[in-house]
Amino acid sequence: MSRLILDLLWNATVQTLEMVLASGLLAVAGGLPLAVLLVLTAPGGLYPLSWLSRTLGAVVDAVRAVPFIILLVLLIPFTRMVVGTALGTTAAIVPLSIAAIPYFARIAEVSLREVDAGLVDAVRAMGGTRWMVVRYVLLPESLPGLISGFTVTLVTLVGASAMAGAIGAGGLGDLAIRYGYQRFNTTVMLGVVAVLVVLVMLLQGAGNVLARYLRHTQPTPRG
């Protein structure tokens, strides 16, 4: 493999990591509060508002139902309005984040719902507020699941960022299309696939280790 191809792969990998990590952090920033709100306002929740829960759920599911490649095209005007262009790594972060927020929100919602209801009832019985339940029970107890969900979101974003290369977003997907597919360069295509596989394995492995560590460090409930 030539030095030129290695340089192209390195630069594309850096761009992909920028897109994945930035949109992943934005997914947590937007998706976690949304998940908490879905749990709190659901029937039987700490602040039941069925109409709000149904509305938020419908919006979340509607965004998740749109294939990412279509969402990329639909959001081009909005992306231009936000960052001034629809091309490049920075522009790709906008649709990636919008796609990832509802995705992570549903995963986080599942983790939050799995928290032992007895712990919530105990805090409420001791006079704890709803905020205290969220801050000291729901979030800490669901943290291993949230980390696992965040890992799955990052892995999904790796594939989505490669797909974003179809509209000039940069990164490994763009490299595979322009230098691999359009120029019939099998070496570049195989190199991109190898790097994507390594990225996914590293992200998944790191997420698994961190989630396992958090599960082992959580205090064991005493009956």
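Residue numbers count from 1 along this sequence. Below, all heavy atoms of this structure are taken into account, side chains as well, without hydrogens, waters or symmetry copies.
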Might you confirm whether atom CE of M81 has over 12 heavy atoms from other residues, nucleotides or ligands at distances under 6.0 Å?
yes
R64 side chain to V59 backbone, donor-acceptor under 3.5 Å
no
Main-chain N/O of L49 paired with S53 side-chain donor or acceptor, under 3.5 Å
no
Which pair of heavy atoms, one from I147 and one from G207, lies closest together, and at what distance?
CG2-O, 3.9 Å
Please name the pair of heavy atoms, one in M19 and one in A92, separated by the smallest distance, quoted to 0.1 Å.
SD-CB, 3.4 Å
Side-chain heavy atoms nearer than 4.5 Å, only ILVMFWY residues, links allowed to pass through others: does that put F68 and V20 together?
yes
Residues Q204 and N208: side-chain donor-acceptor under 3.5 angstrom
yes
Report yes or no: do L71 and L34 belong to one cluster of Ile/Leu/Val/Met/Phe/Trp/Tyr joined by side chain heavy-atom distances under 4.5 Å?
no
Working to the nearest 0.5 angstrom, can you tell me the gap between L72 CG and L96 CG?
7.0 Å
Can F104 be reached from L138 by stepping across I, L, V, M, F, W or Y side chains whose heavy atoms are under 4.5 Å apart?
yes
Over all heavy atoms of both residues, which pair between T153 and A100 is shortest? Give the atoms and the distance, please.
CG2-CB, 4.2 Å
Flag, side chain of T129 to backbone of M132, donor-acceptor distance under 3.5 Å
yes
For T79 against A91, the heavy-atom pair lying closest together:
CG2-O, 3.4 Å
